[in-house]
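Heads up, the thing below is written out as structure tokens.
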Amino acid sequence: MAAQAASSASEGGSPAAAAAAAAAAASSFPATSLYVGDLDVSVQDAQLFDVFAQIGGVVSVRVCRDVTSRKSLGYAYVNYNTPADAARALEMLNFTPINGRPIRIMYSNRDPSLRKSGTANIFIKNLDKSIDNKALYDTFCVFGNILSCKVATDPAGESKGYGFVQYERDEAAHAAIEKLNGMLMNDKKVYVGPFVRKQERDNSPGNVKFNNVYVKNLAETTTEDDLKEIFGKFGAITSVVVMRDGDGRSKCFGFVNFESPDEAALAVQDLNGKKFSDKEWYVGRAQKKSEREMELKEKFEKNLQEAADKYQNTNLYLKNLDDTVDDEKLRELFAEFGTITSCKVLCVIQMAQAEVLDLLLLNPLMMLPELLLK
DNA sequence: AGTGAGCGA
């Protein structure tokens, strides 16, 4: 099947190659440049070259890496001499495992708008375990040009029974949903529907009921009466407050409690992102203090982990320094060993806990010495 | 039941 597709592609006749070439022409990127994603971090340029050079004349191969840690970012670019070779590589090598992990190939497209729009992106569940990437691709490609497609798998490579297909065009996605939702695939009735991010699903109207609305980025002059007037048109309000400091100055956020959750939801939907007195309001469901703290903690831990990964093995921690050692002296001492990206002698600072939390959210690395001591 | 990741450092 793949071989047949490849031979017709080399004659320039395969539907996928034609569609890809059309896509390339439409968005003016060369159809010789491939994006290769889902790479195992151990995959290197040379190995990738060996795989792709089997198909045709490879101009260049590059695994993208983090600037500081040089760790693989899990994707690469492969450039071919001719669009025909690139099309053939896409058809023949897509989903080929390298170092145990199936690669995912797409045409390179520097414009991220199609990818992030999530339009024409569909979700498939209740897939039989025997359905792999290729089978999914073959089933769904009849509706239009596929940009990206994959069956979710566990680390061992076993199907998790669901997957994703992103088409180039909305029409293709609609047709696939229309024709395949509820159909049998390998004797299992599959669900095919639009892809909806988990977060958007959780927040979908009616999913979570709430009465209390949080509003931030208020102008300093905005009062409870202003909020009453603006929020009041969505329904009956039981309480409204603008939070203030000891001197009565607005902290520029507040809460509006509605009698009905439906009206609270309406207010959020309508007012979030609107501008008042030149300030763009954030309006959303009010979280409990514990919820908010949990969210901040997760955010912080994620930032910290990212920073730690990025600077893994590049950051030195020195202690027991003499008082006379300053930034300059440290830099002189270490300069001969390589390029120094930053160099700092720290002192002990006492701060309120809330301020520390804010600071750390911005700059997780500040925390590292403390964490190491724990 | 389970709703990714993602573009040339």
Side-chain angles (χ1 to χ4, degrees), chain A residues 20 23-24 27-41 43-45 48-49 52 58-80 86 90 94-95 101-129 131-133 136-137 140 146-168 173 176-177 181 185 188-204 207 302 306 309-311 314 339 341:
Chain A
S27 51
S28 75
F29 60 85
T32 54
S33 192
L34 299 177
Y35 165 90
V36 183
D38 290 358
L39 289 179
D40 187 86
V41 288
V43 176
Q44 295 180 338
D45 293 353
L48 216 51
F49 179 89
F52 282 81
V58 170
V59 178
S60 69
V61 166
R62 170 143 90 240
V63 172
C64 294
R65 294 176 181 280
D66 182 273
V67 195
T68 44
S69 67
R70 304 306 296 160
K71 268 218 234 127
S72 166
L73 294 172
Y75 67 88
Y77 294 95
V78 175
N79 296 303
Y80 279 98
L90 206 157
N94 203 8
F95 312 126
R101 187 161 178 216
I103 62 174
R104 184 169 47 86
I105 309 176
M106 301 166 66
Y107 280 99
S108 169
N109 188 173
R110 306 287 280 277
D111 175 8
S113 53
L114 243 190
R115 284 193 298 275
K116 51 176 285 236
S117 75
T119 178
N121 203 10
I122 65 175
F123 173 68
I124 300 109
K125 68 178 171 182
N126 209 27
L127 282 174
D128 189 83
K129 297 274 192 252
I131 293 171
D132 61 4
N133 287 317
L136 191 71
Y137 190 99
F140 283 84
I146 292 176
L147 296 181
S148 163
C149 150
K150 144 158 140 187
V151 172
T153 55
D154 64 18
E158 167 103 349
S159 165
K160 291 200 206 165
Y162 62 92
F164 314 89
V165 175
Q166 182 160 23
Y167 288 100
E168 188 186 2
I177 291 168
N181 184 32
M185 278 176 75
K188 284 192 80 168
K189 194 171 169 180
V190 293
Y191 165 89
V192 182
F195 172 78
V196 183
R197 307 207 99 84
K198 187 175 162 60
Q199 211 221 346
E200 285 153 35
R201 232 165 335 115
D202 292 345
N203 295 341
S204 73
N207 215 337
K302 186 168 150 278
E306 275 166 13
D309 286 348
K310 188 171 159 70
Y311 291 100
T314 68
T339 308
T341 55

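Below, read A as the first sequence line, B as the second, and so on, with proteins coming before strands; counting in each chain starts at 1.
Protein atom CD1 of A/I131 is 20 Å distant from nucleotide atom P of B/dG2, rounded to whole Å. In this structure, A/D154 places its CG atom 15 Å from C1' of B/dG4, rounding to the nearest Å. Spacing between atom NZ of A/K160 and atom C1' of B/dT3 amounts to 11 Å, rounded to whole angstrom units. Between the OH atom of A/Y107 and the C1' atom of B/dG8 there is a distance of 18 Å, rounded to whole Å. Rounded to whole Å, atom C1' of B/dT3 lies 13 Å from atom CD1 of A/I177. The interatomic distance linking A/D45 (CG) with B/dG8 (P) rounds to 16 Å, in whole Å. Nucleotide B/dA5 holds its C1' atom 16 Å from the CD1 atom of A/I105, rounded to whole Å. Atom pair A/L39:CG and B/dC7:P shows a separation of 13 Å (rounding to whole Å applied).
If you check every strand for non-hydrogen atoms under 4.0 Å, A/N79 touches a base. Residue contacts for A/G37: at a heavy-atom cut-off of 4.0 Å it reaches no nucleic acid atom on any strand shown. Base contact: A/N126 has a heavy atom under 4.0 Å from a base atom.
Considering only the side chain of A/Y162, B/dT3 comes nearest among B/dG4, B/dG6, B/dT3. The listed nucleotides are B/dA5, B/dT3, B/dG6; the one nearest the side chain of A/Y35 is B/dG6. Considering only the side chain of A/K129, B/dG2 comes nearest among B/dA5, B/dG2, B/dT3.
Of the possible polar contacts, none joining the A/D66 side chain to the A/K71 backbone as a donor-acceptor pair under 3.5 Å is found. Listed for the A/R115 side chain is a donor-acceptor partner under 3.5 Å among the backbone atoms of A/N109.
Under the ring pair (Phe, Tyr, Trp, His ring centres under 6.0 Å) criterion, A/F123 pairs with A/Y162, A/F164, not counting sequence neighbours. Under the ring pair (Phe, Tyr, Trp, His ring centres under 6.0 Å) criterion, A/F95 pairs with no residue, sequence neighbours left out. For A/N79, the side chain to side chain donor-acceptor pair (under 3.5 Å) partners are A/S33, A/S60, not counting sequence neighbours. Looking at residues two or more places apart in sequence or on another chain, you find a side chain to side chain donor-acceptor pair (under 3.5 Å) between A/D128 and A/S130.
Under 4.0 angstrom from either OP1 or OP2 of B/dG8 there lies no side-chain N or O belonging to A/R65. Between A/R110 and B/dG8, a side-chain N or O to OP1/OP2 separation shorter than 4.0 Å is present.
In this pair, A/Y77 lays its aromatic ring flat on the base of B/dG8, centres within 5.5 Å and planes under 30 degrees apart.
Side-chain to base pairing of A/S148 with B/dG6: no donor and acceptor N or O lie closer than 3.5 Å to each other. Below the 3.5 angstrom threshold, one finds a donor paired with an acceptor across the side chain of A/Q166 and the base of B/dG6.
Residues from residues 118-125 of chain A with heavy atoms under 4.0 angstrom of DNA chain B, sorted by number: A/N121, A/F123, A/K125.
The aromatic ring centroids of A/Y75 and A/Y35 lie less than 6.0 Å from each other.
When each of A/K116 and A/Y191 is assigned the nucleotide of DNA chain B bearing its nearest heavy atom, the one mapping closer to the 5' terminus is A/Y191.
Applying the side-chain hydrogen bond (donor to acceptor under 3.5 Å, both in side chains) test to residues at least two apart or on different chains, the pairs with a partner in residues 146-158 of chain A are A/D38-A/K150, A/R104-A/S148.
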